[in-house]
Structure formats: structure tokens, C-alpha cells
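By convention in this document, chain letters (A, B, ...) are assigned in the order of the sequence lines, proteins followed by strands, and residues within each chain are numbered from 1.
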Amino acid sequence: MASGTELIRAKGISKRFGETLANDNVDLCLNKGEIHALLGENGAGKSTLVKILYGALEPGGGSLHWKGNLVKVANPAAARKLGIGMVFQHFSLFEALSVAENIALALPKSVPLKQLCADIIEVSGKYGLPLDPTAIVADLPVGIRQRIEIVRCLLQEPDLLIMDEPTSVLTPLEAEDLFKTLTRLADEGCAILYISHRLEEVQRICHRATIMRHGKVVGACDPAKETAASLAQLMVGGDVHAVDAGAQAMPGKALLQLTDLNHAGEGAFAVALESINLSLHAGEVLAIAGIAGNGQGELFDVISGEVKTKAAYDINLLGVPVGRRSINDRRRLGAAFVPEERLGHGAAPDLPLSENVILTRHASDKDLVRAGLLSRGAALRSERRLAAQYDVRMAHENPEARALSGGNLQKFIVGRELDRSPRVLVINQPTWGVDAGAAALIRQALIDLARSGAAVLVISQDLDEIYEVADKIAVISRGQLSEPAPKDSMNREQIGLLMAGLGEAKQAKAGKGH
Amino acid sequence: MSALEPMLLTIITASTPLLLAAIGELVCERSGVLNLGVEGMMIVGAVAAFGTAYTTGSPLLGIVAGMLAAVALSLLFGFLTLRLMCNQVATGLALTILGLGLSGMIGESFVGEPGVKLSQISIPMLSDLPLVGKVLFGQDVLVYASFAIVGLTSYVLFRSRWGLILRAVGDNHTSAHALGYSVLRVRYLAVMFGGACSGLAGAYLSLAYTPQWTEGMSAGRGWIALALVVFASWRPGRVLIGAYLFGAVSILQFHAQASGVTLPSQLMSSLPYLVTIVVLVIISQNRQLTKTNSPACLGKPFSPDR
């Protein structure tokens, strides 16, 4: 348990990415044998902070004391030499290599492979994380892959182990094993810096917690003495932005309906969607809150048609079952989609903006295609109109998409879709990485669209944004969607609890009652 | 018996340049760099080797010169693709065109001149063995070297830490960088190794295969070497098999033509290429085989973000 001896002290850490200050004068201190939680919403700057501690990012300012001495962690190898190990949120494994080879690469010097295999079996057995050193990583499930990363750290006998959302990819059973390992490590004197959104977890295993919001440390507490609700409140912050959404007219008829939508994700990190029901009405903005990686991307993909569902009828768009229809079919019906990833999904990075207009609108806009041929003039005119209307700032006429800053490109992409006056708009992370001015413009545009009679579905991780734009709020957690409720009836605490998965038990009970 | 020995000897002669060039490219691709300039590096190696051997009379100096010339060209490729992050495919093609042009210009005065032939090294006693003696133990230094390089490459790639780092860089350069390895340094070295091997292959062509200089004498062997790397699914042992299979088919069709097989000669000459295509197609069918071995970062440029 916490012996009280200071292990690491970070003071005044700052880091800037472009226009955003990811870390603003952050202080953090850990003692030996302590499990220390780092809490905060997405984008609060937690990952940036731990990457700086691990030497994967260069700090913009501040100092680091390790066991009382001022140190400079130039790179991850230096961090490992000091005794800092890290398990990444997205694994840093080599898929084509074996378990033993992956581990060998992280060790400072060459160890004979046979010796290493024996060490792996010994250490992994000791901590209850059995591994087969000869297995190829590509063949292994996610839980085992994380085990490799942990054992890789343990073999270096670290004094500090950093874990970035370790349970986000684990099954409950796997998570249970992990907690045992962590508790045991802490008992042996290893400090653990634990990043998680799951508040019950933090309460169960962490001795102390530091809470970050918008790049700053906003508080510290003993999680065992807090309630999950008070932790959630600390995380999302009590202050609510002034809402200027105008009066909502009576919602019209349902334009988009999801009926018992189930979808097994593809790929190792995918979240399966479980019996999702939702109806989106004309004239309203419905926002889906949730922590990253709980199925938002998958939900967007099936609604937009990037991924087709098994049955046609589980998605009903403007009265047409479209589960098996293509994106362009859905656009022709009057829907528009803005994906989360701007470069690569929302826009083709190397094409000029005018051609990016053609990309999503050639099927639905009659002006753009004449007698089967693209009209570049019409595309250019659209591009100019959008740039002026949505204040897209660019260095020269009709630049490539990648030349625009994130905020400007997002204004362009949102404008491109709004310009069609869609009847249904689905938008994922409308203002992610966008500066405050552009964000306000985009949010206002979404509200105006809904007030004009369209239906708007916003998927966002930013609660402030959700309160600003939404009429109704639903929360997605582990692929399940809560019942949408009017904004006024949902406070941040409730949302925080639903986000952290605490609402599931209640829902499950309620479900059984039916 | 007596007909078999010359046939085996010519098969070795035909296969060695392919083997040398392919094993170099294999190492290069294992690090994640696709260098399509093998043909260009090979022919520059050939003309440098011929010119040096012709001027100094020493074929060994010629070999060294051939290697150095090809390494210089590979360094240019490395600088363009790794440092300036040019497209690897386009740069590789340009390298081949450059190499073919450059060698033609340098070699203009060598056309028709008698070359210096690389001498055979007979291993005493063993080379006197019946049948296999001359074939296995009476070859020139580059043939021995080609086998040694394959063995060594296989050992280093799969048994040493260097090889592990090289494979790691080719599989996931972001992770390799995150672990603190210098992706670009590893790739520069791999590209240079590829250049050196192509240079050896070129030197073999102009000093042993046909000891003279003719423009364009690499005759597409660089491209065959590239195909062999895929054929071998990035495994050194399979490169050896592939190179000799191709060499054997191309020699056998000569013998078949000579012994009066009635197939059109054009079809017979295209046989090695057809065999390569067929085998490539068969290998591509087996997803497991190509997927687990092909370097995941092949052809992708790397720039660390900090």
C-alpha cells in the first residue's frame, strides 16, 4: 500500500498542439505503491500528460522529478531505463512477430530467445497472466495482446506502470484478472498511474485520483470517499454554458427510425451494437453522448450506410427501409452525413475542395452532373458559395482539403452537407478539434437546420456541446443506447453515470420487467 | 552424365544474378521499403564492374566497384524516399530508367572490348568428385558468395536482434519508433544492402555470365528478382528455390529447343516468365502464406510526429 515515499513529481507541464493547449500547467505527484487514477473527459489532456511522462511526447514546458532528482525523459527508451513502463490504449505490438519477439524488442539488450521464453512463462505465471511466448500476435485476441504489453513492462521490473484505459478493450472477466494483477503489483511497491472512464473501477482499486478538464488539473480526491456521482460531476464540470437554441417547435413525424438494430462490429476494436431503438423527429436535435469507443463510430457507419446492416427494415429513413441501401441511395432520399474523421472520410485529403463537393453530392445534386458528365464549373461555384457562407478561410482559391486547418475544413464539410438542405442530418463529433469560433458557427447551423424542419442527430463526446445544441439526449455505452430524454430532464450527473455504464444494470432490470 | 554437367553449370550461372539481386531486395522490403530500381542498380553495377576490371585487370576490384556504384545509387533512392518522402514506386522506376541510361553512357567505350573473366575457385579434392564435383566446388567467388549471403541473411533476419529490429520496422514503423528505434537508420541500411547485392548481381553479369559489356545486358533480371521476392513470400530460403527454379526453366527451354521440341521458340522463351506468373498466382491464392510474411509497412513513408 501507499508508503508515502514520493516517486515522481511533474510540475507545470504544458503542451500545445496547434491552437489547442492540451496540457496547461499540470502538476501530478505519485507515491510508491500507489494506484493513482487520472480522470477526465475525452480531450481533457490525460493521454498527452502520460505520453510526456513516458517520453513519447516532448513537453512544451515544466519539470519532472524522479525519485527526488530532476530528470529529462528524452524518449521511451530513457523512460524505461528510469523504470517507467507504459501500456498503450492502442497497442504498440508487431502483429507479424511472436510474443517473445515483441517482448524482446522492448528490452534494453539482447537476451537469448530461449532464456526470454522461460522468463516470460515465469513472470506471466507469477502474475496470473499466462502467455505462450511462441504464438504470433496476429492470431491473438485483444485481451491476450494487452497481457503481452503488461508482461513486457513487468519484465523490466518498473517502479511506475502507466496504463491508458486498459479495460476499455477487455471483457469484464479479463478486467477482473487485471485488477488482481495491479493490486498485487502495488503491494510490491510499484506505483500505477491508471487512466479510465469507468468510475466503479477507479473506486474499487485506486488510492488517489487526479481530475483533469480542458488540459488543466481541476481537483484531487480519494475515490473511495467519493460517490460515483460526485466523481462524474468533477469530471464533466458543473458549469453549464448559456444555451441559445431558440424555441423548439412541436416535433413533427419521425424521419429516421432505428428498430431493434443489432450489428456485430468488424475488426479487433469494434463494439457490437445491441438492440438499438431510436426515433428522430422532424424539427429536433437529438444528441447521443458517450465516451469514445462505446459504439459511436459503428452506429454512425450503419446509419450512413458505410456499413450495411443484415436486415433492411432495422433502419427506416423517411419511410423507406434502407438497412441494405448504399450511402448515395440514402443521400438521394434526403439524408446527409458528416463523419468524425475529416481527412479520409469527410474529405479526400489530396483533392481540391471543389472536387470534394462532387464526392458527396454527385448523386443527389442535379446541377453537378449534366448528361453524365461532371460540371466542374458548378462544383467551383458551390465551393465559392460555401466558402463565403461558412467563413472557410483558405490561403488560395480552391485548395486541397489537407491544406485547410481542422476547424476550417469542418466548416466546409458541414456547409457542404447543409447546403443541400437535407431533411435528415447525422453528424459525428461536429466540433472535435475545432476552435471556439468555428464550433459556435457549426452548432448554430445545426440548430437552425432543425428549426427549419429537418431532423438532426448529433453524436458527440462533448457534454457542453450537447447541452448547447440538443433538444433530447441519449447516452451510448458499450454498444447500448439509453432511452432519449428531453434535455431539461437530464442533468450532467445522470449522463455521467450512464456514460460510465452505471445505468446498464438499471436498464437491464427495467428491460426484464417488461 | 556428360550432358548433365554443363546443363547444371549453366543453370547455376543463370540463377546466381537473380539470387543475389532478390536477396538484397528481400532485406530492403523486409524493412518496409519497396525499391523498384533493382534493374537500374544492377546494370550500373555491371558497367562499373566491367570498366574497373577492364582498366585495372583485376576482377575483384571490379566486384568492389560494382557494389559501390550500386550502393551509391541506392543511397540516392534512400535520400529521395526516406528523407524527402518521395513516392517509392515512382522513385524506383525513375532509378531504373536513370541506371539504364547512365550505364549506356558510361559503357559506350567498352562495347566490343574483351572483358576480364572472374576465375573459378576449385576446392581441392572436392572439385574432383564425379558429377557434383565441378558443379558444387568449382565455381567462382560470387556463386559461393550468393549462397553465403542467403544463409547469412536467413540467420541474421530470424536469429539475431538486428534482424528482429529490421522485421519490426517493416511490420509497424510507428510502434518501432515508439519503442525508441530509429526507423530511418534501419531503412537506410537495408536499402544500402539491397544496393550492394544488386551491384554484386551486376558484377556477376559483366564478369562471369558474359565477360563483356553490352548495353542493357541486365535484360530484365532486376524485374525477375523483384517478382522472386514476392514469389518467396519474403523468405530467404524460398528466394533460393525461386531463383533456381527460374534459372532452371530458362536453361531447360534452350536445351528443349536444341533437342527439337516442336513448340514455337517464342513460347519456349517465354516459359520462365509464364512459370513465374503461374507460381505467383498460386502463391497469391494462399492468403495465409503472403499475409503473415509480407511486411505490413511495405511502401509506406514514415515521418515521426513529435
Exercise. Would you sort out whether B:Tyr273 and B:Phe246 count as a ring pair (Phe, Tyr, Trp, His ring centres under 6.0 Å), showing the intermediate values?
Key: CA-CA 8 Å; B:Tyr273 303 92; B:Phe246 188 86; 5.7 Å; yes

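Checking A:Asn23 against A:Ser14 by side-chain atom types alone, no donor-acceptor pair falls below 3.5 Å. In the model, A:Arg147 has no side-chain atom that pairs as donor or acceptor with a side-chain atom of A:Ser124 under 3.5 Å.
Looking only at side-chain heavy atoms (C-beta outward), A:Arg152 and A:Val87 stay at 4.5 Å or farther from each other.
With respect to A:Asp159 and A:Lys67, a salt bridge is recorded, a charged nitrogen being found less than 4.0 Å from a carboxylate O. The pair A:Glu101-B:Arg167 meets the salt-bridge criterion, with a side-chain N (NZ, NE, NH1 or NH2) lying under 4.0 Å from an Asp/Glu carboxylate O.
Not counting sequence neighbours, B:Glu39 has no partner by the salt bridge (Lys or Arg N to Asp or Glu O under 4.0 Å) test. Contacts of A:Asp132 classified as side-chain hydrogen bond (donor to acceptor under 3.5 Å, both in side chains), with partners at least two apart in sequence or in another chain: A:Thr134.
Using a 4.5 Å heavy-atom cut-off against chain A, the contacting residues of residues 149-166 of chain B are B:Arg161, B:Leu164, B:Ile165. Close approach to chain A, defined as a heavy atom under 4.5 Å from one of its heavy atoms, is seen in B:Leu179, B:Tyr181 of residues 179-188 of chain B, taken by number.
With rounding to the nearest 0.5 angstrom, the CD1 atom of A:Ile103 is 10.0 Å from the CD atom of A:Glu149.
Between chain A and the residues B:Ala176, B:Ala178, B:Ala168, the most heavy-atom pairs under 4.5 angstrom are made by B:Ala168.
Atom CD of A:Glu341 has more than 12 heavy atoms from other residues, nucleotides or ligands within 6.0 Å.
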